[in-house]
Amino acid sequence: MTGCCTVVAMLSPDEWRSGGSYFAWRGHQIFRRVEGTGEPLLLIHGFPTASWDWAPLWPALTARYRVLTLDMLGFGFSAKPTRHDYTLRGQADVYADLLRHEGVTRYRVLAHDYGLTVAQELFARQIDSGQPKIISACLLNGGLFPETHHPVLMQKLLRSPLGWLIARLATYGSFSRSMHKIWGATPPSETELRAMWSLIQHNKGMRVMPKLIKYIAERRTHRERWVGAVINARFPLRLIDGLKDPVSGPDMVARYRELVPRADVVELPDVGHYPQLEAPERVLAAVLEHFARA
């Protein structure tokens with residue numbers, strides 16, 4: 001199926017890659033996809049996967065918007081340098097360079113998980129008149145507030161002094177078990193899990209996971225800046241959250257309602273941590289409705 005209001009069968013990672021290209025960022029190759037016409041829409045993926053997570057929504061979104069996305073440094077098909085100091089601000093710089101390269105001056109945002117904090121950094125930069133203007137944003141499950149983020153066991157192990165060993169010993173089986181624990185009523189398919197694992201493993205990606213996982217501590221360090229960017233946002237925001245998510249479900253939603261003025265929240269009671277994969281039709285409807293009002 002294709003069109004403005006439908007989703008499609010999941011593409012394989014190779015099929016997703018064939019529709020993209022690369023650009024250089026500070027000496028590293030970054031995978032990107034840009035497609036469609038109309039107002040720009042930036043998609044920001046989560047940890048530990050890649051922009052492939054947006055594949056079910058891609059045809060519907062590109063039918064309405066000029067959609068831009070990429071694999072962040074250390075993720076998916078982008079470079080995964082082992083000696084790089086990975087930071088969320090650095091990832092925001094990657095997106096900022098993509099926007100600059102594509103001549104974007106106004107755009108919408110759809111972000112998930114780790115990508116929420118990257119989006120929060122882009123929100124915080126809106127005080128700089130030289131930045132492209134964000135006109136609306138939708139946020140999926142993720143750690144907006146450090147105090148309501150509940151990392152899974154694998155994340156805790158990667159953060160430990162033995163993180164390098166955990167990364168080396170990780171298998172598809174351990175990854176699959178972790179993902180099943182954060183999914184909602186409909187478990188992930190074997191095809192989806194194999195695709196995710198291949199994206200993580202691409203270019204020996206597990207080697208950089210202990211470096212990437214430092215984002216959890218970084219969120220605490222910059223909490224005031226990033227939470228403040230959400231509370232004080234001067235553009236329409238919508239949170240779309242799967243409540244079955246043990247990482248960023250009901251606790252995060254409650255905190256959002258407490259802190260964000262006139263909180264706009266769409267709750268998905270039977271959905272877990274990956275709404276765009278678990279319930280793409282409902283996510284698409286909520287996203288398009290919000291953007292149509294903005």
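Residue numbers start at 1 and run along the sequence shown.
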Of all the heavy-atom pairs spanning F291 and S136, show the shortest one and how long it is. CD2-OG, 3.5 Å
Ring-face cation of R33 near W16 (centre distance under 6.0 Å, axis angle within 45°): yes
Measure across G90 and W25 and return the closest heavy-atom pair with its distance rounded to 0.1 Å. O-CZ2, 3.8 Å
Tell me whether E278 is salt-bridged to K244, with the criterion being a basic N under 4.0 Å from an acidic carboxylate O. no
Q201 side chain to M206 main-chain N or O, any donor-acceptor pair under 3.5 Å? no
Does H84 form a side-chain contact (heavy atoms from CB on, under 4.5 Å) with H28? I'd like the steps, not just the answer. CA-CA 10 Å; H84 186 78; H28 305 294; 4.2 Å; yes
Is a side-chain donor-acceptor pair under 3.5 Å present for R255 with T148? no
Ring geometry between Y274 and W183 (parallel below 30°, tilted from 30 to 60°, perpendicular above 60°): parallel
Considering the options L110, V287, T62, L43, which one meets the side chain to side chain contact (heavy atoms under 4.5 Å, CB included) requirement together with L57? L110
Can you check side-chain contact (heavy atoms from CB on, under 4.5 Å) on L73 and V208, steps first, answer last? CA-CA 10 Å; L73 192 68; V208 301; over 6 Å; no
Is H290 reaching over with its side chain to a backbone N or O of L239, donor-acceptor style, under 3.5 angstrom? no
Test: D93 and R125 ion pair at under 4.0 Å: yes
Under the side-chain contact (heavy atoms from CB on, under 4.5 Å) criterion, do L199 and F77 qualify, and how do the steps go? CA-CA 7 Å; L199 289 162; F77 294 120; 3.7 Å; yes
Which of these, V104, L68, T69, sits in a side chain to side chain contact (heavy atoms under 4.5 Å, CB included) with L98? L68
Would you call D97 and R100 a salt bridge, using N to O less than 4.0 angstrom? yes
If you count heavy atoms of other groups shown closer than 6.0 angstrom to CZ of R293, is the number above 12? yes
Do NZ/NE/NH1/NH2 and the carboxylate oxygens of K214 and E218 come within less than 4.0 Å? no
Sorted by chain and number, sequence neighbours left out, side-chain contact (heavy atoms from CB on, under 4.5 Å) with R106 holds for K133, I135
Would a single hydrophobic cluster contain both W164 and Y86, if residues Ile, Leu, Val, Met, Phe, Trp and Tyr are joined by side-chain heavy-atom contacts under 4.5 Å? no
If you group Ile, Leu, Val, Met, Phe, Trp and Tyr by side-chain heavy-atom gaps below 4.5 Å, do L259 and L140 land in one group? yes
Same cluster (ILVMFWY, side-chain, under 4.5 Å), L165 and F175: no
For residues 251-272, which residue pairs qualify under ring-ring contact (aromatic ring centres under 6.0 Å, His included), counting only residues two or more places apart or in two chains? none
If we ignore hydrogens and angles and just use 3.5 Å, is the side chain of D241 paired with the main-chain N or O of E267 as donor and acceptor? no
Heavy-atom closest pair (G76 atom, H202 atom, distance to 0.1 Å) is O-CD2, 3.4 Å
Has R168 got more than 12 heavy atoms of other residues, nucleotides or ligands less than 6.0 Å from its CZ? no
Does the plane of the ring in Y215 sit parallel, tilted or perpendicular to the ring in F47? Use 30° and 60° as the thresholds. tilted
Starting from L153, can I reach I216 by hopping between I/L/V/M/F/W/Y residues whose side chains sit under 4.5 Å apart? yes
Under the salt bridge (charged side-chain N to carboxylate O under 4.0 Å, His left out) rule, what pairs show up with a residue in residues 38-62, not counting sequence neighbours? E39-R108
